[in-house]
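Ligands are counted one by one from 1 in listed order, and the atoms in each one are counted from 1 as well. In this chain, residues are counted from 1 in sequence order.
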Amino acid sequence: MIPVITLDGPGGSGKGTVSKLVAEKLGFHILDSGAIYRVLAYAALKRNVDFTDEEALCELARSLNLSFVPMEEGVSAVLDGVDISKEIRNETTGSNASRVAALPRVRAALLDRQRAFQQAPGLVGDGRDLGTVVFPEATLKIFLDASAEERARRRYLQQKSNGNPQPLEQILEEIRIRDDRDRNRPVAPLKPADDAVTVDTTSMTVPEVVSRILELAAGRNIAPL
Ligand code: C5P
């Protein structure tokens with residue numbers, strides 16, 4: 001059985017940064033499942049596919065020519081040979097992603113694509129439903145959380161360092177709307193798996209969160225390189 005560590009949680013809880021560091025320490029592969037939903041929303045917009053047309057979105061989800069390419073600064077999302085990593089990172093795409101992600105058949109169409117990331121020596125995946133739906137047999141399930149205000153603050157600083165800051169109030173509002181949609185959708189809602197360990201990162205530093213997860217992983221016989 002190839003080990004899988006899942007990190008689920010709301011936007012801005014630190015999943016992306018933490019997964020990358022944990023995967024590096026363990027020498028594991030990485031799955032940013034949110035990026036798949038973001039690419040789908042981006043491609044739908046480009047091709048004029050309506051966000052309510054579930055059939056057309058399913059078709060698009062199945063046919064996406066998408067790959068993730070490891071680069072020095074992280075993993076790049078490449079769609080039809082074009083690196084669209086930057087384009088999918090804005091809040092509009094995040095919000096559109098949460099709209100397409102609320103459609104049950106679209107989620108089903110993306111399951112195999114996500115499960116294919118379970119490759120030796122192991123996988124660290126982050127998202128909303130990796131522990132509950134995509135990898136229910138995962139070796140270790142983490143639910144990362146943080147207050148909405150702290151998550152908005154982190155997003156704000158992230159965008160500022162990318163040279164593209166939005167007002168903090170606006171980010172907080174968008175985070176609240178997206179959380180609400182992700183938590184209350186009928187299919188695969190954002191919630192901790194019954195056997196997940198919740199880590200509240202509101203007042204923790206990134207290295208503290210990484211150590212905590214490595215400690216929990218060691219308890220499941222997953223050791224750093
Ligand atoms: O994590 P990220 O902000 O990139 O995710 C974008 C959106 O994709 C989320 O708001 C959520 O609606 C959706 N998503 C999901 N299931 C996942 C990962 C992301 O529904 N496993």
**Student:** Considering residues, nucleotides and ligands other than Y156, do more than 12 of their heavy atoms fall under 6.0 Å from its OH?
**Tutor:** no
**Student:** Does one side chain, of T132 or D129, offer a donor that lies under 3.5 Å from an acceptor on the other?
**Tutor:** no
**Student:** According to side chain to side chain donor-acceptor pair (under 3.5 Å), who are the partners of D179, at least two apart in sequence or on a separate chain?
**Tutor:** R151
**Student:** Under a strict 4.0 Å criterion on non-hydrogen atoms, which protein residues are in contact with ligand 1?
**Tutor:** K15, S33, G34, Y37, R38, R89, A97, S98, A101, R107, G127, R128, D129, R178, D182, R185
**Student:** If we ignore angles and hydrogens, is there a donor and acceptor under 3.5 Å between the side chains of D145 and S13?
**Tutor:** no
**Student:** Quick check against the 3.5 Å criterion: does T201 have a side-chain atom that pairs as donor or acceptor with the backbone of A146?
**Tutor:** no
**Student:** For residues R181 and S98, is any side-chain donor paired with an opposing acceptor at under 3.5 Å?
**Tutor:** yes
